[in-house]
Peer 1: 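Let me begin by handing over the structure; questions about it come next.
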Amino acid sequence: MSTTTAAPQVKETTKAVDFKTIIDIKDMDLYYGTYHALKKVNLTIPEKAVTAFIGPSGCGKSTLLRTLNRMNDMIPNTRIEGLVDIAGTDIYSNEVDVETLRKKVGMVFQQANPFPKSIYDNVAYGPRLHGTTNKAQLDEIVEQSLKQAALWNEVKDFLKRSAFSLSGGQQQRLCIARALAVNPEILLMDEATSALDPISTLKIEELTQELKSKYTIVMVTHNMHQAARISDQTVFFLNGEVVEFDQTDKLFSNPSDKRTEDYITGRFG
Amino acid sequence: MNNLFQDANRQQISGRRRNDLIWRILFLGATMFGIVALSALIITIITDGIARLNPDLFTNYPSRRASASGMKSAIVGSLYMLCLMAPISFVLGVGAAIYLEEYAPKNRFTRLIQLNISTLAGVPSIVYGILGLAIFVRTFGLERSLLSGALTMTLLVLPIIIVASQEAIRAVPRARRDASFALGATKWQTVSRSVLPSAISAIMTGVILALSRAIGETAPLIIIGAATYVAFLPESLFDTFTVMPIQIYNWIARPQEAFQDLAASGIIVLMIMLVIMNVAAIMLRNKYQKNI
């Protein structure tokens, strides 16, 4: 590579382990009205690993992420063709209730969006939706979720305090705890660190490394270095197409598509 | 070295400053106009009415003799009206607002309804009186009862409550809905657990202000035939009734000066009630703003 910008450094760990596929997308097209936002997407995502979506703004990475928990359903005139299979089930078929899907496929948004409620009630929101009302059970879920989100030690004495009293990074970890509280299989993170300072970002990146032992993580990031640092598989998007996906170290060191190489070496985007 | 701040335009600058001062005085005048007029009104009312502002006003029924007159039936009538109107208009108004904001498809029909509601909010109150007369008094045969009055007033305040509630619901950030949906909530779970708790203070403020408007209304109730002379308290929803503004209007219309003073005391009572309602609205708003 003879460019001025070096390709991001890839972490050494997690070489070609044989991951089981959990998400399988086949020939999927997505239209917003007449706009063809995603074109013939074919992609598999491994279980219990971190998959990063990278690509320039407006390339469809967030759109694809939001098809995985059907948040796009709420945008009028959205049409999806093709197959989105999660753990053997077509999630757009009639046998899937969108409420159950979203329970199993949690999401963390770009801006931390806690409810104007206490820290406790934020985490308990999900379990309560799905019918858990037992106080002891909720206490247990709240504690476990906050521990998993590496927030418990910071907030255990102020669980009744408003979520807005937390810092931005803590709020985002609270949102992760809230998503984990309904016991999902997959966690979608839509640029979850882009509004945070470097230290909070680092905390959340470390958190993803711990969480991937238990959850499948799919993250959208505008930061290639972040993808290189923490993901096992990277997917490169351009203009609504998946150009290439591969193990992260392979994609960054030896991309097979010229466009991927141009993007990761900083020629555009 | 030349003085950096020496400028040939000092005269031009002093002209600009004079201009500034003139505008400032004009705007102050505009503000003072309202304050002075309002103060004058309040002072006149208080000087006229303070003498008659005694317990008799609250315990006596209206009478031919000004000295024995009170507005017990009117005060109780107004309170009954408020108690009937508040739950009905809250449920219908907030319900309609939730439907329009959260459930209704964004199509031409919804926009038509929306346009109609906004227009209705500006319709003169007497028109609602005519509507109430036709529907509740005649068609439903409720006669000139408390219930007819409360339902007519509900019609009057509904558009205001719907519009205020819609604005409150719309102001809840999209992200808060997304967070709820992403956890697997249904529409109603999202509305009841995430949207309404965030919007309720603004909704309540709108409801109270709308109700306080209704408490001061006279015209629609005169049309549907609220009585001007009621010497008993309504015992059921179907009894005749009167309310404070009608009682005040009745007294004002008398030639004797004693009745004029009585009207002034009535106005003081009405104003105090309205101030209380407005303060309640402000307190509600502040209380919930702190929570967010």
Side-chain angles (χ1 to χ4, degrees), chain A residues 65-66 68-77 96-118 121-131 145 161-165 171 174-184 186-190 195, chain B residues 94 98-114 165-206 283-292:
Chain A
L65 194 76
R66 294 167 67 92
L68 300 179
N69 65 346
R70 292 181 52 178
M71 286 296 273
N72 282 329
D73 289 14
M74 282 180 284
I75 302 169
N77 300 319
V96 173
D97 294 320
V98 72
E99 291 83 4
T100 313
L101 172 71
R102 289 180 187 151
K103 183 171 177 284
K104 288 291 163 200
V105 185
M107 189 170 214
V108 180
F109 296 84
Q110 181 172 2
Q111 293 285 343
N113 56 356
F115 299 113
K117 300 174 188 286
S118 69
D121 287 339
N122 262 279
V123 183
Y125 189 95
R128 281 176 178 148
L129 288 178
H130 298 285
S145 307
R161 228 180 251 182
S162 165
F164 290 127
S165 65
Q171 287 189 16
L174 177 66
C175 292
I176 294 174
R178 183 176 64 187
L180 297 179
V182 289
N183 199 19
I186 299 169
L187 192 60
L188 310 175
M189 301 174 83
D190 191 356
Chain B
V94 178
I98 291 172
Y99 177 75
L100 288 172
E101 281 304 310
E102 299 288 338
Y103 289 91
K106 300 275 171 276
N107 59 21
R108 202 181 258 179
F109 182 66
T110 311
R111 278 202 299 278
L112 185 73
I113 292 179
Q114 190 68 63
S165 305
Q166 276 187 288
E167 275 164 15
I169 290 169
R170 218 177 294 144
V172 178
R174 160 108 239 138
R176 242 169 248 173
R177 293 184 174 82
D178 282 351
S180 178
F181 284 126
L183 288 165
T186 59
K187 191 79 138 186
W188 169 241
Q189 285 179 319
T190 300
V191 169
S192 62
R193 299 175 193 219
S194 177
V195 177
L196 282 186
S198 296
I200 196 72
S201 66
I203 291 176
M204 289 306 294
T205 309
M283 278 167 52
L284 259 174
R285 189 160 50 201
N286 292 346
K287 178 173 178 283
Y288 282 92
Q289 262 168 1
K290 265 186 222 127
N291 288 355
I292 290 174

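Letters A, B, ... mirror the listed sequences (proteins, then strands); counts begin at 1.
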Peer 1: Report yes if some heavy atom in the side chain of A:Pro116 is under 4.5 Å from a heavy atom in the side chain of B:Arg176; otherwise report no.
Peer 2: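 With C-beta onward as the side chain, the pair touches.
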
Peer 1: Do you know which of A:Lys103, A:Arg102, A:Arg128, A:Gln111 has the most heavy-atom pairs with chain B at a distance under 4.5 angstrom?
Peer 2: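 Heavy-atom pairs under 4.5 Å are most numerous for A:Arg102.
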
Peer 1: Indicate the atoms forming the closest heavy-atom contact of A:Tyr125 with B:Gln189, along with that distance.
Peer 2: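 Minimum heavy-atom contact is OH-O, 3.9 Å.
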
Peer 1: Work out which heavy atom in B:Ala182 is nearest to a heavy atom in A:Met107; give both atom names and the distance.
Peer 2: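 Smallest interatomic distance, heavy atoms only, reads CB-CB, 4.1 Å.
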
Peer 1: Looking only at heavy atoms, which two atoms of A:Lys117 and B:Arg193 are closest? And how far apart?
Peer 2: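 Nearest heavy atoms, A:Lys117 then B:Arg193: NZ-O, 3.0 Å.
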
Peer 1: Using a cut-off of under 4.5 Å on heavy-atom pairs, state which of A:Gln110, A:Arg70, A:Arg178, A:Lys104 scores highest against chain B.
Peer 2: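 Heavy-atom pairs under 4.5 Å are most numerous for A:Arg178.
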
Peer 1: May I ask you to test the A:Met74-B:Lys187 pair for a side-chain heavy-atom distance under 4.5 Å?
Peer 2: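 A:Met74 vs B:Lys187: side chains apart.
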
Peer 1: Counting only N and O atoms by type, is there a donor-acceptor contact under 3.5 Å from the side chain of A:Glu99 to the main-chain atoms of B:Ala185?
Peer 2: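 No; judged by distance alone, with no hydrogens or angles, the pair does not exist.
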
Peer 1: How close do B:Ala179 and A:Asn113 get, heavy atom to heavy atom, and via which atoms?
Peer 2: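 So the two residues come closest at CB-ND2, 3.4 Å.
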
Peer 1: Which distance, rounded to the nearest 0.5 Å, do you find between the OG of B:Ser198 and the CZ of A:Phe115?
Peer 2: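 These two atoms lie 9.0 Å from each other.
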
Peer 1: To check you understand the geometry: which heavy-atom pair defines the closest contact between A:His130 and B:Leu183, and what is its length?
Peer 2: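 Looking at all heavy atoms of both residues, the shortest contact is NE2-O, 2.8 Å.
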
